[in-house]
2 protein chains.
Amino acid sequence: MFKVSNPSKPKVYQGVLEELRVYIKDNHLSPGDKLPSERELADKLQAGRSSVREALRALELLGLIETRRGEGTFLRSYQSLQSVELLSSFILLADRTRDELLQVKTMIEKEAVKLACPNMDEVARSKLNASINQTTVLEEKHTIFFTYLLEKANNQLLLKIWMLLEEFSSSIAKAYYDEHFYNQLMELLAKKDYDAIEELYKQQDHQLYD
Amino acid sequence: MFKVSNPSKPKVYQGVLEELRVYIKDNHLSPGDKLPSERELADKLQAGRSSVREALRALELLGLIETRRGEGTFLRSYQSLQSVELLSSFILLADRTRDELLQVKTMIEKEAVKLACPNMDEVARSKLNASINQTTVLEEKHTIFFTYLLEKANNQLLLKIWMLLEEFSSSIAKAYYDEHFYNQLMELLAKKDYDAIEELYKQQDHQLYD
DNA sequence: AGTTGCAGGTGGTCTGACCACTAAAGCGAA
DNA sequence: TTCGCTTTAGTGGTCAGACCACCTGCAACT
């Protein structure tokens with residue numbers, strides 16, 4: 001009676017996580033630094049070793065720590081990319097319609113062109129040109145073209161998201177444009193004409209081959 | 001001698017994770033269904049209960065399962081993304097990462113406005129207007145405004161990605177615009193003036209408050 | 001029939017015990 | 001001294017067993 005549903009009593013390992021966070025902060029630990037041993041933590045935090053291990057497992061899963069048997073547990077240099085991959089893989093877990101996927105991917109590609117503009121000097125452009133002429137397969141052209149541009153866009157997060165979408169979409173739909181499209185983009189890339197890029201994509205809308 | 005460096009011997013809990021995946025698949029378990037008890041799993045999979053628990057902790061962290069003391073372990077219907085909270089509490093994202101995050105989020109918001117345009121009739125616009133006037137806190141305004149638009153953009157995948165970025169960014173940086181900005185967007189939304197939206201964002205660039 | 005109370009099952013936690021592994025101290029031979 | 005080996009202490013990896021708190025279902029009682 002009068003049961004308060006389930007306030008879910010906090011678990012020990014969650015408390016350990018919090019205390020670890022404080023510990024790392026207070027001791028100014030940097031990536032590569034060593035954490036206290038599991039036994040020492042269990043003793044200090046007044047928790048069983050198994051609970052401490054459950055907390056460490058969580059951190060390991062998120063790529064925040066690295067454990068080396070016989071040596072100890074170490075703080076890992078954090079790369080946002082890792083967690084992005086983990087989370088993205090679950091976002092894509094649910095069924096996504098082909099249209100939604102392509103829409104998002106195309107949007108990213110369009111914006112990437114614009115972001116890359118300032119970084120595309122003469123050398124970069126000829127390099128890109130040489131790259132896409134290595135193959136005659138249009139799908140490959142597409143991938144090569146935008147992989148290069150996404151790198152030049154100078155946003156690791158965007159690159160990562162795009163690569164995941166690219167990988168995922170390649171398994172359900174081949175998407176590429178008319179060969180002329182890439183040449184036009186190359187020209188606009190040189191002119192840095194943002195509006196024209198926007199316009200070009202507007203025309204191209206719903207004209208993806210697949 | 002002849003040590004093969006250390007390919008990192010796989011841990012038991014990782015094997016358990018894999019076997020659980022197979023189990024779920026083979027038995028066609030759906031969200032809400034019950035998993036075998038920890039003791040039963042340990043017995044079946046020939047592993048200690050603590051190892052099984054470490055695997056379950058991982059799944060719990062990812063929001064894939066839910067454990068109810070006294071009842072059992074159940075497949076979860078939705079993901080709460082608790083790992084995001086945990087991650088951001090541990091990491092002070094580097095400035096570079098923070099900037100990238102905001103850049104991607106802003107880009108998505110901009111495109112979402114355009115995608116939502118066709119679906120924003122008179123009724124929808126007044127509804128949105130009423131929503132954002134419920135609060136005077138600018139950060140809340142921002143979230144409410146774009147949550148509504150992202151929904152109207154009619155792309156579940158884009159919505160999901162945005163929510164993820166929003167959740168992340170809200171824990172490391174408050175980002176919102178001048179109040180006037182939202183009013184301008186509302187106007188352009190009515191006019192469906194895509195170029196002006198693009199232009200407005202171009203002006204707003206690097207003017208995020210935080 | 002309605003209520004109570006008990007028994008069994010479940011997750012949550014702790015302890016102690018091994019194992020495999022690593023690094024550093026110790027030590028003997030060159 | 002210096003080199004190379006053995007020893008040893010400490011670490012993570014794992015397991016088994018023991019409680020506890022909690023939930024459910026069922027049997028016994030009213």
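A note on names: the letters A, B, ... follow the listed sequences, proteins ahead of strands, and every chain is numbered from 1.
Within a 6.0 Å radius of NZ in Lys25(A), other residues, nucleotides and ligands contribute 12 heavy atoms or fewer. Around atom NZ of Lys192(B), more than 12 heavy atoms belonging to other residues, nucleotides or ligands sit under 6.0 Å away.
Here OG1 of Thr73(A) is found 5.5 Å from CD of Glu38(A). Values are rounded to the nearest 0.5 Å.
Remark: P of dG12(D) and CD of Glu71(A) are 10 Å apart, rounded to the nearest angstrom. Rounding to whole angstrom units, CZ of residue Phe74(A) and C1' of dC21(C) are separated by 13 Å. In this structure, Ile65(A) atom CD1 and dT11(D) atom P are separated by 15 Å, rounded to whole Å. Taking atom CG on Leu41(A) and atom C1' on dC14(C), their separation rounds to 16 Å, with Å as the unit. In this structure, NZ of Lys34(A) is placed 11 Å from P of dA24(C), rounded to the nearest angstrom. In this structure, CD of Glu66(A) is placed 13 Å from C1' of dG12(D), rounded to the nearest angstrom. In this structure, the CZ atom of Arg68(A) is 11 Å from the C1' atom of dT22(C), given to the nearest Å. The distance from atom CZ of Arg39(A) to atom P of dT11(D) is 7 Å, rounded to the nearest whole Å.
For Glu54(A) and Arg57(A), the salt-bridge test fails: no basic side-chain N is under 4.0 Å from an acidic carboxylate O. Electrostatic pairing of Glu198(A) and Lys114(B) counts as a salt bridge here, judged by a charged N lying under 4.0 Å from a carboxylate O.
For dG12(C), the OP1/OP2 oxygens have a side-chain nitrogen or oxygen of Thr67(B) closer than 4.0 Å.
Taking the nucleotide of DNA chain C with the nearest heavy atom to each of Gly70(B) and Val12(A), the more 5' of the two is matched to Gly70(B).
Taken residue by residue, residues 42-59 of chain B places heavy atoms nearer than 4.0 Å to DNA chain C at Arg49(B), Arg53(B), Arg57(B).
In this model, no donor atom of one side chain and acceptor atom of the other lie less than 3.5 Å apart for His142(A) and Glu166(A).
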